[in-house]
Amino acid sequence: MSRKVLLDSNEINIILHRLACQLVERHTSFENTVIIGIQPRGVFLAERILKILQEEYGLHDIKSGQLDITFYRDDFRRGEKPLEANKTRIDFIVEEKSVVFIDDVLYTGRSIRAALTAIQSFGRPKEIELLSLIDRRFSRHLPIQPDYNGRQVDAINEEKVKVSWKENDGEDAVYLIPK
Ligand SMILES: O=P(O)(O)OC[C@H]1O[C@H](OP(=O)(O)OP(=O)(O)O)[C@H](O)[C@@H]1O
């Protein structure tokens, strides 16, 4: 069976603009808000959203960073291959800030649970929100939901939802890939 396109680049573009707009509606000037892309693939989404916030809303001073969760996952000792961590880059304190986590797919919720633990090293945020491009609803293992959501997708566990980004994969698209 071949992969199925769930979102094409035009649809992704429309959704990204809507998500950026929703963030502005809630966080206005982003004076007390920071954006954190979850490594690895949430970082591409975070960069895209930041670009829209800069170019269309003139918000050039938003604090942003990248958070690696590799060793904070509850299943990190279970794999057979040695794990390679990505880079964490947060050059500010999140104490009393509103933090917006950004990731491409929300599935079981385990990555975000790990991110909630990992961010503690950088202070105690006032609040944490979650923005995801794809919400694989009905697949959660934990009580974690997105505050801003691009598209809900019903996929069975054997299927994979893959988000491709132009800058990394040559195109913007979301695919449903049967296993
Ligand atoms: O809610 P969860 O169950 O934690 O799933 C969400 C995570 O899954 C994906 O990464 P994944 O580790 O699957 O990487 P992959 O796309 O390379 O398989 C995605 O980028 C999210 O970070």
Side-chain angles (χ1 to χ4, degrees), residues 1-9 11-13 15-16 19-20 23 34-51 64-90 94 99-122 125 128-179:
M1 245 202 302
S2 60
R3 64 187 186 176
K4 179 181 159 199
V5 178
L6 293 177
L7 294 175
D8 63 22
S9 70
E11 291 166 318
I12 290 175
N13 190 40
I15 288 172
L16 294 185
L19 291 171
L23 283 175
V34 302
I35 283 181
I36 303 287
I38 307 300
Q39 286 275 25
R41 302 190 75 86
V43 170
F44 299 113
L45 175 57
E47 290 299 324
R48 288 294 187 86
I49 293 207
L50 277 164
K51 191 159 181 273
S64 67
Q66 307 169 351
L67 183 64
D68 181 62
I69 55 159
T70 309
F71 295 107
Y72 292 90
R73 295 191 63 96
D74 55 8
D75 51 2
F76 84 95
R77 288 179 206 280
R78 296 175 144 208
E80 283 161 16
K81 283 188 283 178
L83 288 171
E84 261 184 58
N86 295 291
K87 199 172 165 47
T88 287
R89 184 188 59 77
I90 300 178
V94 300
V99 172
V100 182
F101 282 160
I102 296 194
D103 206 356
D104 61 345
V105 178
L106 176 62
Y107 179 25
T108 63
R110 288 178 190 273
S111 298
I112 298 307
R113 192 212 58 77
L116 289 167
T117 307
I119 198 69
Q120 294 185 112
S121 308
F122 298 89
I128 301 178
E129 293 181 323
L130 172 62
L131 180 154
S132 64
L133 180 64
I134 301 293
D135 172 11
R136 292 185 64 165
R137 60 179 176 175
F138 310 137
S139 301
R140 219 76 81 232
H141 294 179
L142 297 162
I144 289 172
Q145 310 301 337
D147 298 285
Y148 311 92
N149 181 37
R151 180 65 62 86
Q152 287 189 321
V153 167
D154 297 335
I156 55 172
N157 285 344
E158 291 71 33
E159 294 168 326
K160 187 170 168 59
V161 176
K162 170 88 198 292
V163 180
S164 294
W165 297 107
K166 211 166 17 191
E167 48 275 45
N168 193 60
D169 314 285
E171 60 169 355
D172 286 348
V174 180
Y175 292 105
L176 182 68
I177 303 170
K179 281 226 168 132

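Since the model is a prediction, treat every value here as computed from it, not as a measurement. Numbering of ligands and ligand atoms starts at 1, following listing order. Residues take their numbers from the sequence shown, with the count starting at 1.
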**Prompt:** Would you call Asp68-Arg89 a salt bridge at under 4.0 Å N-O?
**Reply:** no
**Request:** Can you establish whether the number of heavy atoms outside Glu167 located under 6.0 Å from its atom CD is more than 12?
**Result:** yes
**Message:** Suppose we measure from atom 1 (O) of ligand 1 to each protein heavy atom; which comes out shortest, and what is that distance?
**Reply:** Gly109 N, 2.7 Å
**Request:** Without swapping roles, check the side chain of Arg137 against the backbone of Ala155 for a donor-acceptor pair under 3.5 Å.
**Result:** no
**Message:** I'd like to check atom 9 (C) of ligand 1 in this structure: does the protein have a heavy atom lying under 4.0 Å from it?
**Reply:** no
**Request:** Could you check atom 13 (O) of ligand 1 against the protein and tell me its nearest heavy-atom contact, residue, atom and distance included?
**Result:** Lys160 NZ, 4.0 Å
**Prompt:** Just by modelled atom types, is the Lys87 backbone N or O under 3.5 Å from a matching donor or acceptor in the Gln39 side chain?
**Reply:** yes
**Message:** Taking a cutoff of less than 4.0 Å between a non-hydrogen atom of the residue and any ligand atom, is Arg136 in contact with ligand 1?
**Reply:** no
**Prompt:** Between His141 and ligand 1, which part of the residue brings a heavy atom under 4.0 Å of the ligand: side chain, backbone, both or neither?
**Reply:** neither
**Item:** Non-hydrogen atom of Asp103 closer than 4.0 Å to ligand 1
**Value:** yes
**Request:** Heavy-atom contacts with Thr108 under 4.0 Å: which atoms of ligand 1 show up? List them by number with element.
**Result:** 1 (O), 2 (P), 3 (O), 4 (O)
**Message:** I want to check something: taking the side chain as every heavy atom from C-beta on, are Leu131 and Asn149 in contact at a cut-off of under 4.5 Å?
**Reply:** no
**Message:** Among all the protein's heavy atoms, is there at least one whose distance to atom 16 (O) of ligand 1 comes out below 4.0 Å?
**Reply:** yes
**Message:** I'd like to check which ligand 1 atoms, numbered from 1 as shown, lie under 4.0 Å from a non-hydrogen atom of Val105.
**Reply:** 6 (C), 7 (C), 21 (C)
**Prompt:** Have Gln145 and Arg140 got a donor and an acceptor in their side chains that come within less than 3.5 Å?
**Reply:** yes
**Request:** Inspect the contact between Asp169 and Arg41 and indicate whether a charged nitrogen and a carboxylate oxygen are less than 4.0 angstrom apart.
**Result:** yes
**Prompt:** To which protein heavy atom is atom 12 (O) of ligand 1 closest, and what is the distance rounded to 0.1 Å?
**Reply:** Arg73 NH1, 5.0 Å
**Taking atom 19 (C) of ligand 1 as the reference point, the nearest protein heavy atom with its distance** = Asp104 OD1, 3.1 Å
**Prompt:** Is any side-chain heavy atom of Ile119 closer than 4.5 Å to a side-chain heavy atom of Ile90?
**Reply:** yes
**Prompt:** Within the structure, does at least one protein heavy atom fall under 4.0 Å of atom 4 (O) of ligand 1?
**Reply:** yes
**Fill in**
Within 4.0 Å of some non-hydrogen atom of Tyr107, the atoms of ligand 1 are 1 (O), 2 (P), 3 (O), 5 (O)
**Is_contact(atom 22 (O) of ligand 1), protein non-hydrogen, under 4.0 Å** = yes
**Asked** So which heavy atom on Gly150 is nearest to which on Leu19, and how close?
**Response** N-CD2, 4.0 Å
**Prompt:** Can Arg151 and Asp135 be counted as an ion pair, charged N to O under 4.0 angstrom?
**Reply:** no
**Message:** Show the atoms of ligand 1 that are less than 4.0 angstrom away from any heavy atom in Ser111.
**Reply:** 2 (P), 4 (O), 5 (O), 6 (C), 7 (C), 22 (O)
